[in-house]
Every structure is written in C-alpha cells, then in structure tokens.
Amino acid sequence: MSDWQRTKVAPDGTHHLLGDTPFYETRWNTVGKFHVPGLAPASGTDGALHIGVDGRPAYARRFVRTFGFYEGLAAVEDHDDWHHVRPDGGEAYPTRWAWCGNLQGGRVPVRDREGRYRHIDTSGCIRGGVWRYAGDFRDGLAVVMREDGRSTHVGLGGEVLHGRWFLDLDVFHKGYARARDEAGWTHVDAGGRPVYDARFAMVEPFYNGQARVERFDGALQVIDERGEVRVVLREGIERRGEETPVRPLDSPEPLLLLLRHGARGPIPVGEPGGEVPLLPEGVESARALGGRIGGRLVHVRTSPVLRCVETADAIADGAGRHTLPTPDHLLGAPGVFVVDPAVAWKSWERLGPEGVMAALVAGEHLPGLAPPAAAAVRLVAHMVACAAGRSGVHVFVTHDSLLVATIAHTVGGPLPREEWPGFLEALAVSPSKEFLTLRWRDRTRVLPWP
C-alpha cells in the first residue's frame with residue numbers, strides 16, 4: 001500500500017496527514033480523500049481542482065467543485081454544468097449535464113435539465129432508458145425509478161433484470177437488496193423475490209448473514225436471512241407494559257391532531273365538491289369535539305375548503321371561541337400533497353376518490369401530486385413547526401386523502417380500506433425533543449425526530 005493510501009484528512013480539513021505528520025507543506029481551503037491514481041479533490045482561493053500526493057495542483061484548470069476519482073474519472077461542477085475529467089484535467093466527453101454521479105462499472109448516472117436521469121458510459125454515450133431517477137451501479141446492477149415512483153434493478157445495458165417494481169429499493173449487498181412494498185420493508189434476492197414473509201418499518205443490509213430491523217410497533221430485532229429472529233434488541237410499544245405515550249386531550253403537553261373534517265353531504269359525481277357544506281350532524285359532532293378539548297385548544301388550522309373551514313369553526317366554537325381558525329393551504333390544494341390541482345384532478349377523474357387514496361397508500365407518485373411518503377413527512381414537520389412546542393391541543397383539519405396517506409407513510413404497515421379514516425378521526429402526534437410518537441386507532445409508532 002502506498003503512503004498516500006494511508007493518509008487521512010487533517011481535522012481542520014486543509015491538508016492530509018500520514019499518522020500525525022503533515023503529508024506535504026501546502027495548505028488548501030478544503031481537501032478530500034485521495035483516490036486512485038493518487039489525486040484528491042481540493043479547493044483554494046481561485047477555485048476547485050485536484051491535487052497530487054505532493055499537495056500541488058495536478059493541472060491548471062479550476063472548477064466550482066471537484067469530487068473524487070472513480071475508475072479514472074472524476075465528476076466536476078463547472079458553473080452551471082457538470083461533467084467528468086481525466087487525471088490531467090481534460091474532459092472525458094463533450095456533453096454537459098445538470099448533475100453527475102460517480103463512475104461505477106463503466107457507467108455514470110446523470111441528470112438533464114428537465115430533471116430526467118439516465119446512465120452514460122466513459123465516452124458520454126447514453127446507455128439504457130430515461131428514468132425519473134437512476135443510481136450508481138454496484139456489481140453490474142443499478143436502481144432506477146420510473147414516472148409512477150416505483151423502482152427496479154437494471155443491468156449495464158439498461159435492461160430490466162427481474163421485472164419486479166417496488167415503492168423503494170436499494171442495490172444488492174451480500175446477495176440481497178433492501179426493498180419496500182405496500183406492506184413495508186423486506187429483503188429480496190437477485191430475482192426480486194422477498195426472502196421471508198414478514199415486513200418491517202425499517203431494515204438494514206445483511207451483515208455476516210444477519211440484519212437489524214425495526215417492527216411497526218417500534219421493536220428492534222436482529223433477523224437472519226430466513227427472517228427468523230435471533231436477538232430482540234428493544235421491545236415494542238405494546239409489550240413494554242407502559243401507558244400509551246400519546247398524550248390524552250387533558251394533558252398540558254403538546255398534542256397535535258391531523259383531523260378529517262366532519263360529516264358532509266354527497267359530492268356530485270365528476271366534481272371536486274369544494275363547496276359541499278357539512279351536514280347539521282357534522283357541525284354538532286365537531287362542536288362536541290371542541291367541547292371535549294375546551295380551554296386546552298391552542299389553535300385550529302384548516303384547509304381552505306368549505307367543509308374543513310366549517311369543521312374548524314365548530315371546533316373553535318365548542319372550545320369556547322378563545323381562538324380563531326387559521327386557513328392553511330398546505331392542508332389542502334395546492335399544498336403539501338397536491339402540487340398542481342388541475343393536473344391532480346385528472347387522477348381523481350380517472351381513478352375516483354378511493355382509487356386515488358389507494359394509490360397514495362401504496363406510495364404511487366400520481367401526476368400533479370408530490371411523492372406521498374415525502375409529502376407525509378413534510379406535513380408532520382409542518383404541524384410540529386406550527387405547534388412550536390406550546391402545550392395544549394393543536395388541531396389541523398384536512399381531507400381523507402391527505403390523512404390516509406400521512407397515516408400510511410408515518411405510522412406504517414398495511415392499511416386496508418376498513419382502516420381508512422372516517423369523519424372527525426385523527427392521527428395523533430406527540431412531539432418531544434428527540435422523538436415523535438404517532439398513533440392511529442390501536443397502532444403506535446415512535447420515530448426519531450428530526
């Protein structure tokens with residue numbers, strides 16, 4: 001092993017050390033690790049470049065950013081363009097991209113200015129199809145995502161390998177890949193087949209035949225490649241013998257309720273129904289809920305749609321009207337989930353309301369809507385930010401489609417039709433400094449936060 005391969009970046013990031021001794025005299029603003037053929041990315045007052053083992057520039061050119069060499073090429077950012085350079089700073093190909101990844105197995109993921117991904121070879125030639133996302137290759141395989149948000153594995157020629165598509169997917173490690181379907185996370189083999197029946201909220205790659213996983217109740221376990229439990233690292237919430245960590249309505253601590261509006265009349269077929277009001281019983285039920293909350297109500301935020309606004313008004317009225325509801329477009333459209341209402345409405349026309357909700361629960365990325373898993377996290381983060389740690393009850397009135405998607409992608413686990421929210425049902429969120437506790441009906445999940 002050469003000396004430069006044993007170096008490390010100094011604590012101040014300005015040079016390299018061999019042991020505790022500076023490897024050269026020069027100092028830079030920043031340096032990265034050395035990669036074959038003995039070059040490291042660095043930046044100075046006149047821009048970014050690569051340096052040799054003597055700490056001096058490897059070439060005269062300067063860039064905005066430089067990255068490590070992989071298989072003889074390094075990605076560089078040159079103002080608004082990205083491409084790859086050779087060790088002498090010369091261009092590997094003439095094409096420019098909006099972003100470039102690293103060369104692995106003779107292929108590089110790149111993104112064009114329209115946000116589409118593909119793979120190119122070392123000469124810049126496109127290999128394979130156009131994707132919503134494409135990752136690095138490992139052992140001749142890469143993960144790609146199509147327009148509906150589902151992912152699969154492709155080979156070096158861009159060919160789809162096993163034809164199985166997942167909500168989320170990883171490259172193979174030790175013969176298995178992490179994959180998420182509608183039921184949760186699992187491990188799949190080279191044929192894209194799950195290697196055991198169980199599903200989890202989280203799985204890690206296998207390490208010496210075993211992997212750490214998190215169940216939907218928060219339990220942490222170590223399983224083997226057959227899915228059998230070898231070690232229980234932490235018991236689940238239901239098995240701890242503790243009181244539910246979700247705070248009751250009379251708790252002085254913060255309690256956030258993401259709530260479906262009250263009972264409404266039927267929505268005319270083929271119409272969005274934005275002006276459909278609450279039924280009288282919907283108003284009374286919302287007012288009764290407000291009465292239960294009473295003086296502990298901090299605020300009510302609501303989708304601007306009529307039935308949500310009427311629900312918010314009734315809750316505030318039942319609580320004693322010491323707070324006025326606040327319209328919050330993120331709870332409606334356009335908002336966290338619905339990015340382009342006109343485009344999104346076509347999905348409602350094509351699939352119907354229940355079809356849209358089923359697609360969101362499954363993690364499908366519908367036109368005009370944000371990816372549901374990311375939108376769910378963003379909505380919960382918005383709620384936590386609005387609450388700002390203030391004690392009491394914070395109510396967020398929204399629609400069944402947004403609520404069911406948030407439940408599915410935060411509490412997790414299979415969410416069959418009978419578990420979709422009814423009128424005035426709520427996802428309860430209890431924030432603390434480090435964790436969020438979420439509860440939907442009899443399900444509880446504790447998540448690290450942020």
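In what follows, residues are counted from 1 in the order of the sequence shown.
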Hey, are the side chains of Arg193 and Val188 touching, using non-hydrogen atoms and a 4.5 Å cut-off? no

In the structure I gave you, are the side-chain heavy atoms of Val222 and Val213 within less than 4.5 Å of one another anywhere? no

Heavy-atom side-chain proximity of Arg378 to Phe337 below 4.5 angstrom: no

Could you tell me if the side chain of Val429 sits less than 4.5 Å from the side chain of Leu258, heavy atoms only? no

Answer yes if the side chains of Ser303 and Thr398 hold a donor-acceptor pair under 3.5 Å, and no otherwise. no

Can you see which heavy atom on Pro334 is nearest to which on Val339, and at what distance? CB-O, 3.8 Å

List the steps, then state whether side chain to side chain contact (heavy atoms under 4.5 Å, CB included) holds for Phe200 with Arg215. CA-CA 5 Å; Phe200 299 95; Arg215 295 193 331 193; 4.0 Å; yes

CG of Leu297 to NE2 of His394: how many Å apart, nearest 0.5 Å? 9.0 Å

By ring-ring contact (aromatic ring centres under 6.0 Å, His included), which residues pair with Phe69, not counting sequence neighbours? His50

Gln221 vs Arg212 side-chain heavy atoms within contact, under 4.5 Å: no

Can you tell which of Leu403, Val404, Thr311 makes a side-chain contact (heavy atoms from CB on, under 4.5 Å) with Arg260? Leu403

Pairwise distance CD(Glu71) to CZ(Arg107) - rounded to 0.5 angstrom: 10.0 Å

Electrostatic pair Asp181:Arg164 at N-O distance under 4.0 angstrom: no

I'd like to know if the side chain of Asp328 pairs up with that of His382 as donor and acceptor (distance under 3.5 Å, no hydrogens or angles considered). yes

Quick check against the 3.5 Å criterion: does His84 have a side-chain atom that pairs as donor or acceptor with the backbone of Gly101? yes

Got a second to check how far Leu351's CG is from Lys346's NZ, nearest 0.5 Å? 13.5 Å

Non-neighbouring partners of His83 that pass side-chain contact (heavy atoms from CB on, under 4.5 Å), sequence neighbours left out: Arg61, Phe63, Val76, Asp78, Val85, Glu91, Tyr93, Arg96

Check whether any side-chain heavy atom of Gln210 sits under 4.5 Å from a side-chain heavy atom of Glu204, and report yes or no. no

Short side-chain to backbone donor-acceptor contact, Arg292 and Leu289, under 3.5 Å: no

Less than 4.5 Å apart, side chain to side chain, heavy atoms only: is that true for Thr444 and Thr437? yes

I want to know whether His119 and Phe137 have ring centres closer than 6.0 Å. yes

Please tabulate, for side-chain N and O atoms in residues 362-369, each donor-acceptor pair with protein atoms closer than 3.5 Å (sequence neighbours left out).
unit_1 : atom_1 : unit_2 : atom_2 : d
His365 : NE2    : Leu369 : O      : 2.9

If you apply the rule side chain to side chain contact (heavy atoms under 4.5 Å, CB included), what do you find for Val154 with Leu141, and how did you get there? CA-CA 6 Å; Val154 297; Leu141 304 176; over 6 Å; no

If you round to the nearest 0.5 Å, how far is CZ of Arg287 from CG of Leu278? 10.5 Å

Under 3.5 Å donor-acceptor, His187 side chain and Ala177 backbone: no

Return the minimal non-hydrogen interatomic distance between Glu114 and Asp112, and the atom names on each side. N-OD1, 2.9 Å

Can you name the nearest heavy-atom pair linking Ser401 to Trp348, along with the distance? OG-CZ2, 3.9 Å

Does atom CZ (Arg113) have a neighbourhood of more than 12 heavy atoms from anything else shown, all under 6.0 Å? yes

Please test Val171 against Asp136 for side chain to side chain contact (heavy atoms under 4.5 Å, CB included), starting from the C-alpha separation and ending with a verdict. CA-CA 9 Å; Val171 292; Asp136 285 352; over 6 Å; no

In Å and rounded to the nearest 0.5 Å, what is the CG to SG distance from Asp81 to Cys100? 9.5 Å

With sequence neighbours left out, the residues meeting side-chain contact (heavy atoms from CB on, under 4.5 Å) with Thr152 are Val144, Val160, His162, Trp165

Quick check on side-chain contact (heavy atoms from CB on, under 4.5 Å): which of Tyr176, Phe166, Tyr196 does Thr186 satisfy it with? Tyr196

Does atom CZ of Arg116 have more than 12 heavy-atom neighbours, drawn from other residues, nucleotides or ligands, at distances under 6.0 Å? yes

What pair of heavy atoms forms the shortest contact from Pro254 to Gly389, and how long is it? CG-O, 3.7 Å

Note: Ser430 and Leu255 closest approach over all heavy atoms is OG-CD1, 3.8 Å

Please list, chain by chain and in numerical order, all residues satisfying side-chain contact (heavy atoms from CB on, under 4.5 Å) with Trp99, sequence neighbours excluded. Trp82, Pro109, Arg111, Tyr117

May I ask you to say whether Glu310 pairs ionically with Arg307, meaning some side-chain N is under 4.0 Å from a carboxylate O? no

Parallel, tilted or perpendicular for Phe396 and His299, by the 30°/60° rule? perpendicular

Rounded to the nearest 0.5 Å, what separates atom OG in Ser151 from atom CZ in Arg146? 9.0 Å

Taking every non-hydrogen atom, the tightest pair across Pro194 and Arg199: CG-NH2, 3.5 Å

Exercise answer: donor-acceptor pairs, residues 406-427 side-chain atoms, under 3.5 Å, sequence neighbours excluded:
unit_1 : atom_1 : unit_2 : atom_2 : d
Thr406 : OG1    : Leu402 : O      : 2.8
His409 : NE2    : Leu360 : O      : 2.8
Thr410 : OG1    : Thr406 : O      : 2.5
Arg417 : NE     : Glu354 : OE2    : 3.3
Arg417 : NH2    : Glu354 : OE2    : 3.2
Glu419 : OE1    : Arg443 : NE     : 3.3
Glu419 : OE1    : Arg443 : NH2    : 2.8
Glu419 : OE2    : Arg443 : NH2    : 3.4
Trp420 : NE1    : Leu415 : O      : 3.2
Glu425 : OE1    : Gly422 : N      : 2.7
Glu425 : OE1    : Arg441 : NH2    : 2.8
Glu425 : OE2    : Arg441 : NE     : 3.2

Any cation-pi pair here, Arg178 with Trp185, using under 6.0 Å and within 45°? yes

Is the distance between the ring centroids of Phe206 and His173 under 6.0 Å? no

State, yes or no, whether a side-chain contact exists between Asp313 and Pro325 at a heavy-atom distance under 4.5 Å. yes

Test Val384 against Leu256 for side chain to side chain contact (heavy atoms under 4.5 Å, CB included), laying out the working first. CA-CA 8 Å; Val384 173; Leu256 287 51; 4.1 Å; yes

